[in-house]
Number of protein chains: 2
Amino acid sequence: MELRTLRYFVAVAEELHFSRAAARLGISQPPLSQQIKALEEELGGRLLVRTNRRVALTAAGELFLDEAREVLARAERASRLVSRLGRGESGQLRIGFTTSVPLTPLLPRTLTHYRQRYPDVDLRMHELNSQRQIAPLLEGDLDIGIMRPATLPPELSAFTLIREPLVAVVNAQSELGASDTPLSLAELATQPFVYFSPAAGTGLLDQFNVLFAQRGLTPRLVQEVGGPNTIISLVASGLGVSLLPESFRHIHIDNVRYRPISDADARSEVWLTHPRHHLTPQAQHFIQIVREAIAG
Amino acid sequence: MELRTLRYFVAVAEELHFSRAAARLGISQPPLSQQIKALEEELGGRLLVRTNRRVALTAAGELFLDEAREVLARAERASRLVSRLGRGESGQLRIGFTTSVPLTPLLPRTLTHYRQRYPDVDLRMHELNSQRQIAPLLEGDLDIGIMRPATLPPELSAFTLIREPLVAVVNAQSELGASDTPLSLAELATQPFVYFSPAAGTGLLDQFNVLFAQRGLTPRLVQEVGGPNTIISLVASGLGVSLLPESFRHIHIDNVRYRPISDADARSEVWLTHPRHHLTPQAQHFIQIVREAIAG
DNA sequence: GTCTTTGATATCCTTTAGATATCATTCAGG
DNA sequence: CCTGAATGATATCTAAAGGATATCAAAGAC
């Protein structure tokens with residue numbers, strides 16, 4: 001017994017007429033008669049009484065009609081549900097992101113598009129620093145990570161979403177805060193620094209260290225903190241200077257001034273990171289949309 | 001999508017191993033891979049992730065596994081239910097019978113056998129006189145009628161279950177009640193008669209009329225009654241004589257004596273009547289068993 | 001009685017499922 | 001790091017099942 005058989009039987013039971021049912025099914029009448037006959041043989045009893053040019057259901061046929069409809073409905077429902085899920089039109093999408101990412105227009109814009117295109121996907125956003133996104137990505141607890149550059153295990157793959165210059169964060173009342181002109185890293189390194197602690201897990205710290213090390217500079221850290229907002233606050237209070245991606249310019253705080261960096265390699269990136277293989281369809285769609293947003 | 005596809009998918013999802021699943025299904029591995037692939041294409045998404053010699057379910061696959069099991073279970077249930085009903089192992093059987101029938105051992109014996117063989121059939125016995133069984137038989141409200149000979153419409157068919165002699169029912173105190181020897185219809189016809197009214201609907205009345213008319217006898221009816229028990233009671237009270245099938249001998253009432261009839265054609269029959277075509281399987285089985293009981 | 005309707009039957013063809021042989025990938029173990 | 005076993009994918013062929021066409025048989029309708 002196959003679903004086709006059930007579809008055929010339901011058609012005949014509804015039309016009570018083999019030829020009409022066959023036309024409805026888009027097949028010719030003889031195979032339909034044969035299929036019904038085979039079904040009756042398999043079940044071991046008549047489902048239809050073919051009498052004097054009239055077709056009627058037996059008691060068994062009545063019962064089977066109900067049951068067959070039920071089975072077909074369930075099968076169709078299963079197909080629909082799984083199809084939607086498999087096509088990434090439902091289900092969920094779990095995205096990790098760092099603090100700085102919502103400051104750029106790219107992510108909000110992408111999320112808006114994605115929501116419009118896939119309104120039935122349950123979108124779960126998790127604010128996590130770069131390091132803390134890696135384990136969930138590996139374990140399948142996160143589908144996509146949006147993070148600063150980091151050393152990734154080979155199971156993860158990434159591409160650059162945003163490339164932005166670094167800017168100096170200085171106190172407006174301080175010596176360096178007197179101007180808006182570009183500043184070199186060497187100049188900046190003369191000042192006491194407020195920066196992330198290694199425990200903060202951000203990829204920016206690595207970049208920071210590399211940049212200064214390449215120039216033989218060792219800035220004096222006066223305070224290690226956990227988050228960029230704290231950095232900016234402490235700069236505002238005059239504790240020292242800092243170096244952050246340009247998107248933090250969106251954070252306006254009294255007494256804080258952002259100055260461009262003249263060094264050409266003082267740039268930072270935002271990565272989209274994902275498991276190298278076996279992306280969920282939802283994640284594939286998200287990546288598709290984010291790529292469109294970058295291109296457009 | 002067919003049930004076979006679902007069975008295949010469930011096997012793979014349970015084994016998480018194509019070759020083992022194929023072995024379990026009794027097919028070889030390549031067609032199984034192809035069927036799963038085709039299923040995934042139809043649904044528009046992956047159900048299984050084939051990674052490094054390990055097979056795992058996707059989210060869509062997990063969902064589809066549940067759904068597929070459900071569909072298969074329902075289909076099997078439908079098949080089982082309908083099969084039982086269609087084979088006459090469940091459902092119901094409605095039998096009409098006249099008053100005299102339970103007096104013979106045939107019907108109780110047949111019912112016992114039938115119940116043993118088909119314990120799940122809902123057996124409904126309706127005590128109805130011969131005439132009143134015809135309409136329900138025609139309209140499908142009765143599957144089988146057990147009745148006295150009657151004129152049947154062509155849609156009904158009958159065969160003889162029991163052939164039994166008629167006996168005179170006489171009052172023990174009366175002149176005819178003095179002996180047990182055979183009596184002729186002519187002798188009996190000299191006495192006042194107690195018999196069925198035409199409204200009683202019994203086939204016996206027709207036979208009665210024919211028997212006497214053939215001999216040019218016109219017995220004097222002193223009382224028309226509705227049922228055989230009333231006839232016997234009235235004979236007991238001395239109102240007259242009567243003529244009944246031998247099975248009524250089982251009814252022992254004081255002052256009533258049964259005497260054989262010497263006329264060879266003074267016999268009656270019990271018929272099993274049924275719709276000529278389209279017997280339900282339950283009815284077919286009952287007829288089969290009743291025939292065995294007659295033969296054995 | 002003849003014609004039309006309608007399901008069943010017979011035969012052939014097309015499609016699809018399944019078998020066999022082989023390949024590609026991966027991972028275990030030396 | 002290389003070799004070999006394990007395992008799913010691919011290619012090709014065969015067998016079976018589904019479906020089409022032609023025709024028949026039974027039963028009402030006129």
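Just so we're on the same page: letters track the sequence lines, and every chain starts at 1.
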**Item:** Residues in contact with DNA chain D, drawn from residues 57-65 of chain B - heavy-atom cutoff 4.0 Å
**Value:** none
**Request:** Identify, with sequence neighbours excluded, every residue that meets side-chain contact (heavy atoms from CB on, under 4.5 Å) alongside S130(A).
**Result:** T98(A), M147(A), R148(A)
**Residue pair S19(B), Q29(B): steps toward the side-chain hydrogen bond (donor to acceptor under 3.5 Å, both in side chains) verdict** = CA-CA 5 Å; S19(B) 305; Q29(B) 169 261 319; 5.0 Å; no
Enumerate the protein-to-nucleotides 17-19 of chain D contacts in which both atoms are nitrogen or oxygen and the separation is below 3.5 Å.
{"residue": "dG19(D)", "atom": "OP1", "partner": "Y8(A)", "partner atom": "OH", "Å": "2.6"}
{"residue": "dG19(D)", "atom": "OP2", "partner": "Y8(A)", "partner atom": "OH", "Å": "3.2"}

**Prompt:** Which whole-number value in Å describes the distance from R54(A) CZ to dA29(D) P?
**Reply:** 9 Å
**Prompt:** Quick one: E41(A) CD to dT9(C) C1', roughly how many Å, whole number?
**Reply:** 14 Å
**Asked** Given atom CG of L48(A) and atom P of dG7(C), what is their separation to the nearest angstrom?
**Response** 10 Å
**Asked** Once you round it to whole Å, what is the distance between P of dA24(C) and CD of Q29(B)?
**Response** 15 Å
Under 3.5 Å donor-acceptor pairs involving side-chain atoms of residues 41-49 of chain A, not counting sequence neighbours:
{"residue": "E42(A)", "atom": "OE1", "partner": "M1(A)", "partner atom": "N", "Å": "3.2"}
{"residue": "E42(A)", "atom": "OE2", "partner": "M1(A)", "partner atom": "N", "Å": "3.2"}

**Prompt:** S33(A) side chain N/O closer than 4.0 Å to the phosphate oxygens (OP1, OP2) of dT9(C)?
**Reply:** no
**Message:** Going by side-chain contact (heavy atoms from CB on, under 4.5 Å), name the residues that satisfy it together with D141(B), two or more places apart in sequence or in a different chain.
**Reply:** P136(B), E139(B)
**Item:** All pairs passing salt bridge (charged side-chain N to carboxylate O under 4.0 Å, His left out) where residues 275-289 of chain A contributes a residue, at least two apart
**Value:** none
**Item:** More than 12 heavy atoms of other groups within 6.0 Å of R24(B) CZ
**Value:** yes
When the side chains of residues 287-296 of chain B are checked against the rest of the protein, which donor-acceptor pairs come out under 3.5 Å, sequence neighbours left out?
{"residue": "Q288(B)", "atom": "NE2", "partner": "E292(B)", "partner atom": "OE2", "Å": "3.0"}
{"residue": "E292(B)", "atom": "OE1", "partner": "R117(B)", "partner atom": "NH2", "Å": "3.0"}

**Complete:** Rounded to whole Å, the CD-C1' distance (E40(A) to dG7(C)) equals 12 Å
**Asked** Considering residues at least two apart in sequence or located in another chain, which fulfil the ring-ring contact (aromatic ring centres under 6.0 Å, His included) criterion with H285(A)?
**Response** Y118(A)
**Under-4.0 Å side-chain N/O to phosphate OP1/OP2 contact, R50(B) with dT7(D)** = no
**Item:** From dT20(C), dG7(C), dA9(D), nucleotide with atom closest to F18(B) side chain
**Value:** dA9(D)
**Fill in**
Taken to the nearest whole Å, CG/L32(B) to C1'/dA17(C) is 12 Å
**Request:** Find the distance E155(B):CD to dA27(D):C1' and express it as a whole number of Å.
**Result:** 15 Å
**Asked** Given dG8(D), dT6(C), dA11(D), which nucleotide is nearest the side-chain atoms of H17(A)?
**Response** dT6(C)
**Request:** Name all residues meeting the ring-ring contact (aromatic ring centres under 6.0 Å, His included) criterion together with Y8(A); count only those two or more places apart in sequence or in a different chain, and write none if there are none.
**Result:** none
**Asked** What integer distance in Å separates L3(A):CG from dT16(C):C1'?
**Response** 16 Å
**Prompt:** Quick one: is dG8(D) close enough that its OP1 or OP2 comes under 4.0 Å of any side-chain N or O from K37(B)?
**Reply:** no
